[in-house]
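Below: one structure, written as structure tokens.
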Amino acid sequence: MFQAHTGGGFTNPAMAQRSRDDAFIGELLADLNEEQQKAVTHGEGPLLVLAGAGSGKTRVITRRIAWLLTQGVPAEQLLAITFTNKAAQEMRQRVDRLVPGHRVWIGTFHSFGVRLLRQYGERLGLSSTFTIYDADDRQAFLKATLDAVGWDNCRFRPDQIGAAISKAKNQLRSPEEYARSATDFFSQAVAQVYPLYDRRLRQMQAVDFDDLLYLPALLLREHPDVRTLLDNRYRYILIDEYQDTNVAQYEIIRHLSQDYRNLCVVGDPDQSIYRWRGSDIRNILDFERDFPDARVIHLPRNYRSTRAIITAANHLIAHNRQRKKKELRTDNEWGEPVRVWTFRDGLEEADQVVRRIKATVEAGRFRYRDHAIFVRINALTRVLESAFVRHGVPFQIVKGFAFYERKENKDVLAYLRLVLNPADDIAFERIVNVPTRGIGDATVERLREFAATLGCSLLAAAGQVGQCTTIKGAAARALSSFYRLLAELRSYLHLPPHEIIDLVLQRSGYEDMLKSSNDPDDQERLANVQELVTAARQYHEMNPQGGLAGFLEQVALASEVDGWDHEADRVSVMTLHASKGLEFPVVYMLAVEEGLLPHERSLHDPAELEEERRLCFVGMTRAMRELHLCHAQLREYRGKILYAIPSGFLDELPRDQVEWHDLSGDQSRTPTASSGEHTSTMVGAAPVETSDKNLARTHGSSSTPPPGLSASAPASTQSNSSVSSNGSDDLAVGAIIQHQHFGIGQVVAVSGYGTLKRMKVRFASHGEKTLLVAEAPFRIITRRPR
DNA sequence: CCTTCGGTCGTTTTT
DNA sequence: CGACCGAAGG
């Protein structure tokens with residue numbers, strides 16, 4: 001069935017038939033540029049779309065789906081994969097607007113994996129009611145596994161082992177293969193746990209997140225009949241965010257694109273930010289090698305942002321070395337300058353940003369929902385939260401405390417999981433004594449042993465506790481009654497999910513426990529579990545066929561951004577990672593500081609540092625009209641106050657085309673402070689009412705950059721932020737170093753020569769130290785040519 | 001068996 | 001600072 005790629009047009013006569021509606025196709029393409037049109041109307045064969053930030057990537061995919069449908073491709077033959085459920089949902093709606101009632105499957109890799117496993121899992125020995133363990137369950141499960149072999153409390157931390165297993169699965173390495181290449185101590189330990197971990201997981205009819213990709217990939221590799229069937233079924237495949245696919249995902253795609261090679265991948269290497277999760281940028285860089293006949297379409301034109309923003313982003317990303325040189329272009333006006341703000345501390349930063357947003361909204365320039373605040377790590381959202389409350393500004397934190405991750409909800413969900421899958425020992429252990437039933441650790445331990453001798457699940461063992469010699473009296477009665485409780489709950493399985501939850505709350509005593517508590521937090525918990533009932537009801541209304549299993553699946557696969565309400569008139573707060581794929585008129589990035597962005601843990605590896613730069617790039621390119629990059633001089637972190645150093649990335653912006661504002665009230669020691677009077681508030685410095693010289697010459701809404709500067713061509717020659725070795729002569733004041741013991745610091749003074757050369761360094765966490773340059777164990781992170 | 005207290009631990013990013 | 005774990009007391 002192999003069809004040679006003919007470079008466009010359909011070989012299938014049925015598809016080549018005159019389209020139903022020429023006018024409609026005209027409409028589909030009308031507002032697209034030439035490149036976008038080519039991508040949308042590409043016929044058969046592999047297609048790589050290199051879409052820069054804001055180049056209308058989603059629009060291309062959506063239109064292409066609609067176009068394929070109008071060309072007569074049956075909806076069942078289409079498969080569209082997005083990065084989050086949220087993105088999938090939006091895409092579904094957008095396609096629906098073009099082709100109402102379409103039945104194209106659009107989802108994430110993980111949900112696609114679940115779908116395959118539900119259908120073909122038994123080939124791999126998996127029952128169709130398998131449970132999906134989230135990060136927490138997995139951690140608990142891993143600990144239990146280590147316990148079982150007496151490996152608790154030793155050598156390696158469970159999460160490190162877990163990370164190694166996760167990585168192995170993402171790279172499609174089986175336990176056997178892993179063991180073969182395990183040379184060092186750590187990987188040998190992992191090699192012992194990994195097979196056990198998998199075996200126990202299967203015993204519980206459970207899978208972890210990585211299995212949702214790993215197992216389908218195995219399925220397709222080892223079962224040619226299934227592979228052929230699915231390849232034949234999904235003849236047109238579209239993948240969004242291709243730069244963030246990992247080996248397992250790649251394998252899945254490849255297996256589905258052999259007989260029918262109509263694979264369209266869309267992505268941007270500069271926005272690859274999930275390397276740490278196993279994504280492999282080579283997937284997109286090597287696409288043309290894997291599919292030599294692939295058509296490649298570039299979409300460099302940005303429609304989202306002002307030229308000021310694009311110019312800044314281009315300059316930054318040009319500092320990455322492992323990169324094909326390319327540049328975003330835009331015809332948009334120059335707009336407001338990109339602004340860099342210096343604050344005294346994180347509190348001030350949060351306060352001022354919120355105030356400025358409020359003032360902007362009150363001045364009628366933007367709505368709250370037009371604003372987003374991005375942070376590198378979730379911990380930074382806390383200060384913001386109180387600032388928002390203080391100023392009465394509506395906001396939503398994407399993830400904040402994810403609803404389904406709250407203890408109370410996880411407890412209730414554990415009941416549901418156990419009802420559905422009696423083999424789920426992790427769920428059993430979680431709730432067997434919640435609310436307290438007099439079943440303590442000792443009893444559970446004995447039950448575990450008992451279950452092991454019977455070779456059954458904990459719940460099944462609880463049902464036969466009468467035959468257990470080690471558990472007697474009250475504990476045995478409690479276990480029996482718990483078993484009966486679950487048997488009863490199981491009899492409700494035919495009911496819609498929200499009714500089951502309601503019954504769980506009543507019959508388990510969970511609701512009573514919260515109601516009768518005098519802990520004030522428990523009232524909130526009560527409200528949360530009741531909210532869970534509502535969520536389930538909503539699910540049921542949307543998916544009447546889904547049932548409890550469907551609801552649990554949706555919960556397990558819910559992503560961070562999925563809870564984000566883009567309609568609400570609120571300021572959005574999220575991590576840079578969560579911001580991918582979104583856009584906002586006004587963007588604030590906070591804590592653009594050494595150690596945070598780039599994150600401290602990326603400094604040892606140039607490749608990771610480049611990923612941090614891409615992360616910064618992603619954040620910047622979310623902004624449509626205004627971009628504000630903030631940093632503080634002092635940052636409270638982990639209960640300690642640290643000196644914060646402005647991120648080296650700020651130095652990589654086009655210096656003369658960015659406005660610098662120092663609101664720290666301290667001019668003495670900010671090497672980065674440059675222009676402007678020191679207005680005491682951010683609001684006062686808003687462009688409309690400022691008296692600042694630079695602002696006056698700012699070309700507010702003109703379409704030209706500041707005089708004497710070109711808006712293009714960032715100097716891509718030197719990179720002053722690559723990690724260099726110690727011992728060189730060019731250590732200057734302002735340089736940022738990383739010391740083996742003291743961490744990150746900035747050089748404030750240099751004296752002496754040769755072996756006696758000393759430097760005074762202000763460390764983030766250890767104050768100022770004077771060190772011998774020749775002796776000290778450190779390396780230079782950034783040289784500052786100031 | 002349950003609660004509470006104190007110490008320790010370690011803290012990126014997430015489907 | 002906060003989450004989590006272990007030991008001691010109720």
Side-chain angles (χ1 to χ4, degrees), chain A residues 81-88 107-114 132-136 138-140 143 152-153 157-160 162-163 166 169-170 207-214 241 244-246 248-249 272-279 346 374-383 398-399 401-402 404-405 407 432-445 473-475 478 517 519 553-562 574-580 591 595-603 608 611-612 614-616 618-619 635-642 765:
Chain A
I81 298 203
T82 58
F83 199 70
T84 63
N85 294 301
K86 183 90 189 167
T108 63
F109 265 110
H110 289 82
S111 54
F112 183 62
V114 171
I132 302 166
Y133 280 173
D134 69 11
D136 270 11
R138 180 171 178 278
Q139 178 82 356
K143 275 185 194 154
D152 41 328
N153 82 354
R157 294 207 329 263
D159 52 318
Q160 289 175 328
S166 168
K169 287 187 180 178
N170 281 326
V207 297
D208 63 20
F209 266 128
D210 307 308
D211 285 332
L212 298 179
L213 307 174
Y214 175 71
E241 309 283 8
D244 281 319
T245 51
N246 62 31
Q249 290 164 330
S272 165
I273 54 175
Y274 283 92
R275 198 178 103 99
W276 52 274
R277 205 172 79 186
S279 81
F374 301 154
V375 290
R376 176 64 177 83
I377 59 173
N378 281 305
L380 290 172
T381 59
R382 282 191 188 279
V383 225
V398 176
K399 157 135 188 180
F401 236 63
Y404 296 122
E405 283 170 27
K407 279 189 204 70
V432 66
N433 204 30
V434 183
T436 54
R437 305 185 167 88
I439 304 168
D441 289 345
T443 306
V444 174
E445 179 55 38
S517 156
D519 182 346
E553 184 178 309
Q554 186 192 280
V555 169
L557 298 180
S559 66
E560 311 267 295
V561 270
D562 292 348
M574 65 189 82
T575 63
L576 285 164
H577 282 90
S579 77
K580 187 168 81 157
L596 283 169
L597 184 66
H599 194 273
E600 194 169 5
R601 296 192 47 166
S602 68
L603 298 178
E608 283 187 32
E611 176 145 315
E612 295 288 311
R614 290 194 293 269
L615 193 53
C616 188
V618 166
R635 170 100 21 212
E636 196 178 334
Y637 190 51
R638 260 151 73 175
K640 278 185 197 155
I641 295 175
L642 311 173
S765 47

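What you see is a predicted model; the values in this text were computed from it and never measured. Labels below follow one simple rule: chain letters A, B, ... track the order of the sequence lines, proteins then strands, and each chain is numbered from 1.
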Handout entry: Arg382(A), nearest nucleotide to its side chain (from dA3(C), dT12(B), dG10(B))
Key =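 Of the options given, the side chain of Arg382(A) lies nearest dA3(C).
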Practice task
Compare the minimum distances between each of dT11(B), dT13(B), dT15(B) and the side chain of Ile377(A), then state the nucleotide with the smallest one.
Solution key: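 Side chain of Ile377(A) sits closest to dT13(B).
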In whole angstroms, how far is the [atom2] atom of [N] from the [atom1] atom of [X]?
{"X": "Leu596(A)", "N": "dT13(B)", "atom1": "CG", "atom2": "C1'", "answer": "12 Å"}
{"X": "Asn85(A)", "N": "dT15(B)", "atom1": "CG", "atom2": "P", "answer": "9 Å"}
{"X": "Leu380(A)", "N": "dT13(B)", "atom1": "CG", "atom2": "P", "answer": "9 Å"}
{"X": "Lys86(A)", "N": "dT14(B)", "atom1": "NZ", "atom2": "C1'", "answer": "17 Å"}

[X] versus [Y], closest heavy-atom pair with distance:
{"X": "Met574(A)", "Y": "Val398(A)", "result": "CB-CB, 3.8 Å"}
{"X": "Leu603(A)", "Y": "Pro598(A)", "result": "CD2-CG, 4.2 Å"}
{"X": "Ala556(A)", "Y": "Phe209(A)", "result": "O-CZ, 3.2 Å"}

Between the protein and nucleotides 1-6 of chain B, which nitrogen or oxygen pairs are less than 3.5 angstrom apart?
residue	atom	partner	partner atom	Å
dC1(B)	OP1	Thr443(A)	OG1	2.3
dC2(B)	OP1	Asn433(A)	OD1	3.3
dC2(B)	OP1	Asn433(A)	ND2	3.0
dC2(B)	OP1	Gly438(A)	N	3.0
dC2(B)	OP1	Ile439(A)	N	3.4
dC2(B)	OP2	Asn433(A)	ND2	3.4

Does a nitrogen or oxygen in the side chain of [X] sit under 4.0 Å from OP1 or OP2 of [N]?
{"X": "Arg601(A)", "N": "dT12(B)", "result": "yes"}
{"X": "Lys143(A)", "N": "dC5(C)", "result": "yes"}
{"X": "Asn378(A)", "N": "dT14(B)", "result": "yes"}

Who are the salt bridge (charged side-chain N to carboxylate O under 4.0 Å, His left out) partners of [X], not counting sequence neighbours?
{"X": "Glu241(A)", "answer": "Lys57(A), Lys580(A)"}
{"X": "Asp208(A)", "answer": "Arg138(A), Lys169(A)"}
{"X": "Arg635(A)", "answer": "Glu349(A), Glu593(A)"}
{"X": "Glu445(A)", "answer": "Arg448(A)"}

Exercise for the section: Could you check Ser602(A) against Phe83(A) and say which one's nearest nucleotide on DNA chain B is further toward the 5' end? Expected result: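 Closest to the 5' end, via its nearest nucleotide, is Ser602(A).
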Exercise for the section: Flag as yes if Tyr274(A) stacks onto the base of dT14(B) (centroids under 5.5 Å, planes under 30°), otherwise no. Expected result: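 No, Tyr274(A) does not stack on the base of dT14(B).
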Handout entry: dT12(B) base stacked by His599(A) (centroids within less than 5.5 Å, tilt under 30°)
Key =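 It does: the two rings, one from His599(A) and one from dT12(B), meet the stacking criterion.
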Handout entry: Base-pairing string, 5' to 3', of DNA chain B - Watson-Crick or wobble, under 3.5 Å, | interstrand
Key = |||||||||......
Going by side chain to side chain contact (heavy atoms under 4.5 Å, CB included), name the residues that satisfy it together with [X], two or more places apart in sequence or in a different chain.
{"X": "Ala140(A)", "value": "Ile426(A)"}
{"X": "Ser279(A)", "value": "Asp244(A), Ser272(A), Tyr274(A)"}
{"X": "Thr443(A)", "value": "Ile439(A), Ile471(A), Ala475(A), Leu479(A)"}
{"X": "Glu608(A)", "value": "Arg275(A), Ser602(A), His604(A), Asp605(A)"}

Exercise for the section: For Asp159(A), report the nucleic acid contact type (base, sugar-phosphate, nothing); a contact means any heavy atom under 4.0 Å. Expected result: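 The answer is sugar-phosphate, as Asp159(A) gets under 4.0 Å only of primed atoms, P, OP1 or OP2.
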Practice task
Using the test side chain to side chain donor-acceptor pair (under 3.5 Å), find all partners of Asn170(A) that sit at least two apart in sequence or belong to another chain.
Solution key: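 Testing Asn170(A) for side chain to side chain donor-acceptor pair (under 3.5 Å), a comparison that skips the adjacent residues, returns Asn246(A).
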Could you list the protein-to-nucleotides 8-10 of chain C atom pairs, N/O on both sides, closer than 3.5 Å?
none

Problem - Atom C1', compared across dT12(B) and dC5(C): separation rounded to whole Å - result: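 It comes out at 24 Å once rounded to the nearest Å.
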